[in-house]
Structure formats: C-alpha cells, structure tokens
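The figures here come from the full heavy-atom set of this structure, side chains too, leaving out hydrogens, waters and symmetry mates. A note on names: the letters A, B, ... follow the listed sequences, proteins ahead of strands, and every chain is numbered from 1.
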Protein chains: 2
Amino acid sequence: MTQKKRPHHHGNLREALILAGLEIVRSEGPDALTLRKCALRAGVSHAAPAHHFNGVTSLRTAIIARGHRIFAQSMRDALADAANRSATSPKEQVTAICVGYINFAQTHSALFKFMFQPHDQDFTKIDAVTSDEIRRDAGRSYEVLRTACHPLGTTEKERAQVEATIWSMVHGYAMLFGDANSNLGPPRPDRPESIPAITDVLANLNWSFLGKNADSKGNSQE
Amino acid sequence: MTQKKRPHHHGNLREALILAGLEIVRSEGPDALTLRKCALRAGVSHAAPAHHFNGVTSLRTAIIARGHRIFAQSMRDALADAANRSATSPKEQVTAICVGYINFAQTHSALFKFMFQPHDQDFTKIDAVTSDEIRRDAGRSYEVLRTACHPLGTTEKERAQVEATIWSMVHGYAMLFGDANSNLGPPRPDRPESIPAITDVLANLNWSFLGKNADSKGNSQE
DNA sequence: GATTAAAATTGACACTGTCAAGTTGCAATG
DNA sequence: CATTGCAACTTGACAGTGTCAATTTTAATC
C-alpha cells in the first residue's frame, strides 16, 4: 500500500497536462487547446492522458478549475489592495473585487474566455477527481464575491439578489468590454476611450440596495 | 447579364446552409455544428460550402448574423408588448428590452450560447458578404438597446456609460442565470427559485442615472 | 526474483476542415 | 443552334482531432 501517490513513469502527468494546457491556452488562444498538444508538451504519447482524464472534456474542466485559483487570487489581491488604502466599506470591498475580476479578464484574456465559454460539461461524464476540483475551485471564486456582498442584504433572498446583481454586472462587463479584441458586445467605433471603466459602470448601481447603508465602514459580517 | 441571381444547381445554397446550421445548433447544441453536417443537411457534398463561405468561421459568422435577426426581433416584440401596456417611460422601455433579451436567451438557449461564444473571427478571414451581414445585423441588435437608452443620458459620454451599464447587466445575467443548465455562474444549490428575475436585478440600478428622470413618460428622443 | 496492476505506447478508427483536380450545368456569345 | 466559358458542385485526398483496443514498460508487492 503506497503511502504517497508516486506514479510510475512520468512523475505527475496529471499536473503536467494541466500546466501544459494553461500554457497552450495562454499562448495560442482558447480554441487551440488539444488533447494531443497537451500530451506532446508534457512529453508523453497522445493516448497517455486517457489514464488521468475521462476525455478531453475532463481535461478542459481541470484546466478551468486551475484557472479559478488564479482568478480567485486576483480578486483577493484587489481586496487586499483596497484594505491597504483603508477602503473597507462593503461598497468599496465589492468594487475592489470587481476591479480584480476585470483585471483577471484583461491580464489572462485567453484563459478567461476559455473558462467562461459555454461548455457542455455533462458532469456525469467527468471523472470524480476533476468534478470535485471544479466544484471546489469555482466555489471558492464565487465565495470571494459572496462574502463581500453579505453585508448588503439582510435576508438570504436579499443577498441572492445582491450577488446576482453584482455578478451579472461585472461578468457582463468583462465579456463585452473586458477584452480589447472582444468581438462580442456593441460594435465599437474604434474609440477605446469610449469604453467606460468598470468603476463608472458600478457607480450606476443603487448602492443603498435594500435600506442598509453600503458606505458604513468596518466588518459587518454577522 | 442575369437580372436575378439564380444559381445553377441548388437554387440558393448559401441560405440553405445557414438554415441548416441554425437547425443543427438548435437540435444538437452549439458544439455540434459542423461544416459537413450542414452540407449533408442541405443535400450537397461536403466541399460545396467552400464556394459560398471562406471557411467554417465564415459559416459560423453567417449563422450568428441570422441569429441576431431573431434576437433583435425578440427585443422589439417585448418593447411592443410594453407599449401595449402603456409602459413607455425610458425605464420601462429599457426593462422591456431586457426582458426580451433574456427571453431570447432562454427560448433559444443553444443559439444564444452559439452567438455569444468568444469566437476568434479574424474579420480579415471572412468573406465580404458575411462580414457585412454580421456587422449590419449585430449593429441592429445593439441599436434597439441604444435607442431606448438614449433619453437616459445627455452627453454622448453619458449615453455610452448608460448603454454599457445596461448591456453588461443584462448580458451577464443571461450568461450566468439565463439558461437553467448553465454551468457558468455561481454554483447553485439546486434551488432554481433562488435565482432572482431580471426585473429584480434591474431594480437595483440607480435609474435616475445622471440627474434626468427615468420615469418621465413619453417619447423623449431628441 | 516472480507476480501483478497501473502507466504509458502503438496502432487503428471515424470524424473534422481544407485543398486540388475533375464534372456538371447554365448562360452568354459566335 | 453549337460553342465557349465559367460558376457551382463533386470527388478524392490530406493532416489533425478524440477515442478505443491491444501491447509493452515500469514500479511496488509477495
């Protein structure tokens, strides 16, 4: 009985394949990812990945899960930056997270597209390890926003509404305006200065959502 | 010189391929679309589409353009419905358009995903006909929203901000919550009733955006 | 050292998009 | 009407893709 999981040939192929995939997405774009390319980059034969991933969908999902770690970290970093500037009101915290959100979408635009592409991941067709990974890592991403939104609602229903509002706004913005070469969104007249900043967009929200004051400083987590 | 464009064998293959593509996306999902499947469904050989589309990207783009017509019509229909209920204030008009937006995303969920998937359409690699089509049809979609948003801003910059705000919000909502089987967005606890309606989300906007009253009835187009 | 099971390779298959060459059929020209 | 010309379409091939079955290699165990 092995106390440590020490695979035989490669060492840790599963990890290597995920990293190879991230690199391919980064350098060649979201549509360039291929099972065989990942295998080649990891230095194994084209059919080797089958022993670690149920299929290409599983590999893609695992890459997305890994992307979520960077994504969540980007939001946490922005939150920490805001805290260093003493911007700790719920409104300021949520705004900071959105800035981190958009920052990730711009800095890792190919990965962002890859992650939030509508993929038909029949969760049933994904191996248990990867399925757990995506659930955990994507959940942690959402948890960052969820925590910051918490003080903005009193009941669970209210909080769900606030979360949906912020999440929709920032995600839509990222999709439509986040990437300079985005082909979605409104047809832009080649004037990138006509794109408002995420903070300008967020300013159009009614921040005193449901009676509570979003500007009160301090940690109001119950 | 032919006064009417009457192609030789098929009659109108370009149109038939687009319709075949729409049907495939509808019935088999966004990822099921294939050049060869379209050709088969249109009753021609696998290489026939090459004479009408520069490549598969062009065909996809043409299908997206066609989808935009349905999309724009869905928003216009919702706007007409609102007018029948005498809901003609800017706020009510914009809300109605968003309802039409979400309605399209739900009714034609596969097509919506297909349309707003980040596709690398190197516009240079797309034949001129299709390129004009997508620009025109996507522009018309956006024009519906643009017109409704017009009274909500006074300067051009203000209007761009309002448009970006509304568009981001409704698009993000459609992506994250529009489709019941969406795998994006927050991990939902199998409680579909916890998803707020688009109208609830829009209610969190500060509708008196920039001093002007969004509730004033009538046609305030300048 | 022999056994055994996992890890990885090799080879094959159907399917994809794209290209080159050949065929068909319509339309304008003589 | 016969001929020419050209666009529409077909056929065949090619490199890649994901996936599967059969085989070999490797590492841990008895």
Salt-bridge contact B:Glu143-B:Arg140 (side-chain N to carboxylate O under 4.0 Å) = no
Can you pull out how bent the helix from C:dG1-D:dC30 to C:dG30-D:dC1 is, comparing the axes over its first five and last five pairs, to 10°?
-> 10°
Roughly how many Å is it from CG in A:Asp31 to C1' in D:dG16, rounded to a whole number?
-> 15 Å
Value in whole Å for how far the P atom of D:dG18 lies from CZ of A:Phe53 = 13 Å
The ring pair (Phe, Tyr, Trp, His ring centres under 6.0 Å) partners of B:Phe104 (sequence neighbours excluded) come to B:Phe71, B:His108
Is any side-chain N of the basic residue among A:Arg26 and A:Glu23 closer than 4.0 Å to the acidic one's carboxylate O?
-> yes
When you check the side-chain N and O atoms of A:Asp127 and A:Thr130, is any donor under 3.5 Å from an acceptor?
-> yes
Does a donor on one side chain and an acceptor on the other come within less than 3.5 Å for B:Arg135 and B:Ser131?
-> yes
Not counting sequence neighbours, which residues clear side-chain hydrogen bond (donor to acceptor under 3.5 Å, both in side chains) with B:Thr165? List them please.
-> A:Asn204
Of B:Val56 and B:His51, whose nearest nucleotide on DNA chain C comes first from the 5' end?
-> B:Val56
Examine the side chains of B:His171 and B:Tyr101 and answer whether a donor and an acceptor come within less than 3.5 Å of each other.
-> yes
Heavy-atom donor-acceptor pair, B:Asn54 side chain to B:Lys125 backbone, under 3.5 Å = yes
Among B:Val170, B:Leu79, B:Thr199, which residue meets the side chain to side chain contact (heavy atoms under 4.5 Å, CB included) test with B:Thr95?
-> B:Thr199
Atom-to-atom span, CG of B:Asn54 to P of C:dT18 - whole angstrom | 9 Å
note: B:Leu59, atom CG; C:dT18, atom P; distance rounded to Å ~ 10 Å
Got a sec? Which of residues 19-28 of chain A come in under 4.0 Å of DNA chain D, heavy atoms?
-> none
Can you tell me how far C1' of C:dT16 sits from CZ of B:Arg60, to the nearest Å?
-> 12 Å
Proximity to DNA chain D (any heavy atom under 4.0 Å), residues of residues 36-47 of chain B only | B:Arg36, B:Val44, B:Ser45, B:His46, B:Ala47
Could you give the CG-to-C1' distance, from B:Leu35 to D:dG16, as a whole number of Å?
-> 16 Å
Nearest-Å distance for atom pair NZ/P, residues B:Lys125 and C:dG17 | 15 Å
Whole Å only: how far is the CG atom of A:Asp127 from the P atom of D:dT19?
-> 12 Å
What pairs of residues pass the side chain to side chain donor-acceptor pair (under 3.5 Å) test when at least one of them lies in residues 28-48 of chain B, not counting sequence neighbours?
-> B:Glu28-B:Lys37
Verify the ring-centre separation between A:Trp167 and B:Phe177: is it less than 6.0 angstrom?
-> no
